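Each remark here refers to the structure printed beneath this line.
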Amino acid sequence: MALLNEHSRRRGETGTASPLAVSVALPSDVLFEVLLRLTAKDLCRLRAVCRTWRALTFDPNFVAAHAARHPGPLLVGGVLDFQSFPSVDILLMDLSGNVVKRIRHTGAHLVLPTYHDLLCVTEAYSCKASLLNPVTGAVRALPETLSRIHARRRVLSDFDGSFYYGRDSSGVYKVLRSLTDYNQRLEQFFEVLTLNASSPMQWWEADSLPMFVRTEPTSSAIVKGVVYFLLDGRPNGLNDPPELEIDLLARFDLKTEEWLPFLRGPVSCHPELSEIDDILNEPYVLVVDEHLALSELNDVLVIAQHTGFRSTTRDSFLDLWYLVDSEKCLWERKYRFDLELSIHEDGCYFAKAHASLILDDGRILICIFVGSNFPGQYTRRVVRLYDPETQTLGPDLVDVRNVHSIGFYKGSLLSLQNGNRLLSLCP
């Protein structure tokens, strides 16, 4: 960088470079090592310096080396711009909270927790969604239509849409969406869309379930081409509500586009390991909040069972259950740890906590949402790191209370290839 500053000092007031500055050129291997030390944010700006730098920073070998030197992930979220509502800023931040890139996007502000080459952003309380390339900012809106069968008797405005973007077991990118009518008929439909270049994007109907699935982002996860859902418990349509276990899971195979048999969760399969009475050393009269969240950690389905006490004397804790064998319904509780936070404000408590991602060094990102007595409002949203080797939970990495949703991006902001290829599949 000293050479770069010297180069800048030799530029005249008119902005033209002196002959001496033009004649100075770093050897290619030295330039490679110098630029490798910079962040992706800086490199994106430096691509405008000259053709040589631009070519180098787009070279696949350099992109791969930079990704190894600066391992992700980046935290992604949407922040509403109330001065130009409903515009939103999509923020990509490092784990220290520094904004690496800011993308202006209109109308959609919920970023799904996806780890693929594109981000799927949706608009709350509607059926609008887009795929966004975080490298170029290119956007492809998904069709705002119903499948042919559903369009015969309903209109899209009847529903709230939730979207699930991922790859099936053969590597084909697809989007599954649930369409929920909470007001008129209490119905929930499902439709699927395939991203390919052989035909226009079109939603196709999928079978419905006898009960609702939960539509919060942390109530679903995609693992090896299967979408897992926590069930809501409400009947789908006018059917009588079935009796459900608290952690019963629905499963949708993206390749066959069919539902698999229900899967029992760890709480019902292993009640002896989750009894609160066995956790407390002495009898307590407490209000206990339990919350389940799904996530995919290194191609394994994980359920985070968060147990919170509305008390200033007891810390809440988190159990991480790993699915070992789906056929035999075997779960392993790998980790249990205190969140080491007590609430000292009236009306506030830890409403949600879930595991989000495993870093290359084995540490696990834990997202914690601190709620209030007002539904949907959070006093804090923080990200922490749990170290399985030392069995310790670190301090707050970043407070993202103003971010409406949290996702993670594991790709490189320097690479154009993958994101552009996927967007080209959407005619």
Side-chain angles (χ1 to χ4, degrees), residues 86 106-108 110 112 114 118 120-131 139-170 172-217 219-220 222 225-242 244 248-262 422-423 425-427:
T106 301
L110 297 178
L112 301 188
T114 181
L118 300 178
C120 187
V121 291
T122 72
E123 184 174 338
Y125 312 115
S126 78
C127 295
K128 296 180 180 180
S130 304
L131 295 178
V139 178
R140 177 73 65 175
L142 300 182
E144 295 182 33
T145 57
L146 286 172
S147 65
R148 294 177 180 175
I149 290 181
H150 292 157
R152 293 174 183 173
R153 62 189 188 92
R154 302 300 299 268
V155 294
L156 192 62
S157 58
D158 292 341
F159 302 98
D160 291 339
S162 296
F163 296 80
Y164 315 92
Y165 160 65
R167 287 180 291 192
D168 67 17
S169 56
S170 62
V172 176
Y173 284 84
K174 294 186 178 182
V175 181
L176 175 69
R177 73 175 178 184
S178 61
L179 300 169
T180 308
D181 178 1
Y182 291 105
N183 300 315
Q184 300 180 26
R185 306 182 188 179
L186 290 179
E187 288 183 320
Q188 188 176 68
F189 298 143
F190 290 88
E191 298 181 341
V192 64
L193 177 147
T194 301
L195 302 179
N196 60 57
S198 61
S199 60
M201 286 195 298
Q202 183 177 354
W203 294 105
W204 296 94
E205 62 280 352
D207 291 337
S208 297
L209 292 172
M211 70 287 292
F212 281 12
V213 302
R214 299 184 188 178
T215 57
E216 305 91 344
S219 294
S220 62
I222 302 178
V226 176
V227 188
Y228 292 82
F229 297 92
L230 287 169
L231 295 176
D232 186 292
R234 284 177 286 187
N236 192 357
L238 301 178
N239 301 320
D240 293 331
L244 300 177
L248 190 65
L249 300 174
R251 300 180 292 171
F252 186 87
D253 190 322
L254 287 175
K255 184 176 182 179
T256 64
E257 300 182 2
E258 294 179 348
W259 292 99
L260 300 174
F262 291 121
L422 286 176
L423 283 183
L425 297 180
C426 309

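Just so you know, these numbers come straight off a predicted model, no measurement behind them. Counting from 1, the numbers follow the sequence of the chain as shown.
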Please enumerate all residues that pass side-chain hydrogen bond (donor to acceptor under 3.5 Å, both in side chains) together with [X], with sequence neighbours excluded.
| X | answer |
| --- | --- |
| Ser162 | none |
| Glu216 | Ser219 |
| Ser157 | none |
| Arg251 | none |

Can you measure from [atom1] ([X]) to [atom2] ([Y]) and round to the nearest 0.5 angstrom?
| X | Y | atom1 | atom2 | value |
| --- | --- | --- | --- | --- |
| Leu193 | Thr145 | CG | OG1 | 8.5 Å |
| Leu195 | Arg140 | CG | CZ | 10.0 Å |
| Phe262 | Leu209 | CZ | CG | 5.0 Å |
| Asp232 | Tyr182 | CG | OH | 6.5 Å |
| Met211 | Asn236 | CE | CG | 9.0 Å |

*Between Ile222 and Leu176, is any pair of side-chain heavy atoms under 4.5 Å apart?*
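A side-chain contact under 4.5 Å is absent here.
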*Contact check, side chains of Leu249 and Leu230, non-hydrogen atoms, under 4.5 Å*: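 In short, these two side chains touch, coming nearer than 4.5 Å.
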*Check ring-ring contact (aromatic ring centres under 6.0 Å, His included) between Tyr228 and all other residues, then give those that pass, not counting sequence neighbours.*
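None.
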*asked:* Aromatic contact between Phe189 and Phe159, with the criterion being ring centroids under 6.0 Å apart: yes or no?
replied: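 So the answer is yes for these two rings.
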_Aromatic contact, Phe229 with Tyr164 (centres under 6.0 Å)_ =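 So the answer is yes for these two rings.
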_Closest non-hydrogen atom pair between Cys127 and Gly161, with its separation_ =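 The answer is SG-N, 3.7 Å.
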_salt bridge (Lys or Arg N to Asp or Glu O under 4.0 Å) contacts touching residues 151-160 (sequence neighbours left out)_ =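 Applying salt bridge (Lys or Arg N to Asp or Glu O under 4.0 Å) to every pair that reaches into residues 151-160, excluding sequence neighbours, yields Arg153-Glu187, Arg154-Asp158, Arg154-Asp181, Arg154-Glu187.
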*Residue that, paired with Phe190, satisfies side-chain contact (heavy atoms from CB on, under 4.5 Å) out of Leu179, Val213, Thr180*: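 Passing option: Val213.
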*Determine which pairs satisfy side chain to side chain donor-acceptor pair (under 3.5 Å) with at least one residue from residues 253-262, sequence neighbours left out, and list them in order.*
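Listed once each, the pairs are Lys174-Glu257.
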Which donor-acceptor pairs under 3.5 Å do the side chains of residues 201-208 make with protein atoms, sequence neighbours left out?
residue: Trp203; atom: NE1; partner: Pro143; partner atom: O; Å: 2.9
residue: Glu205; atom: OE1; partner: Ser147; partner atom: OG; Å: 3.4
residue: Ser208; atom: OG; partner: Gln188; partner atom: O; Å: 3.4

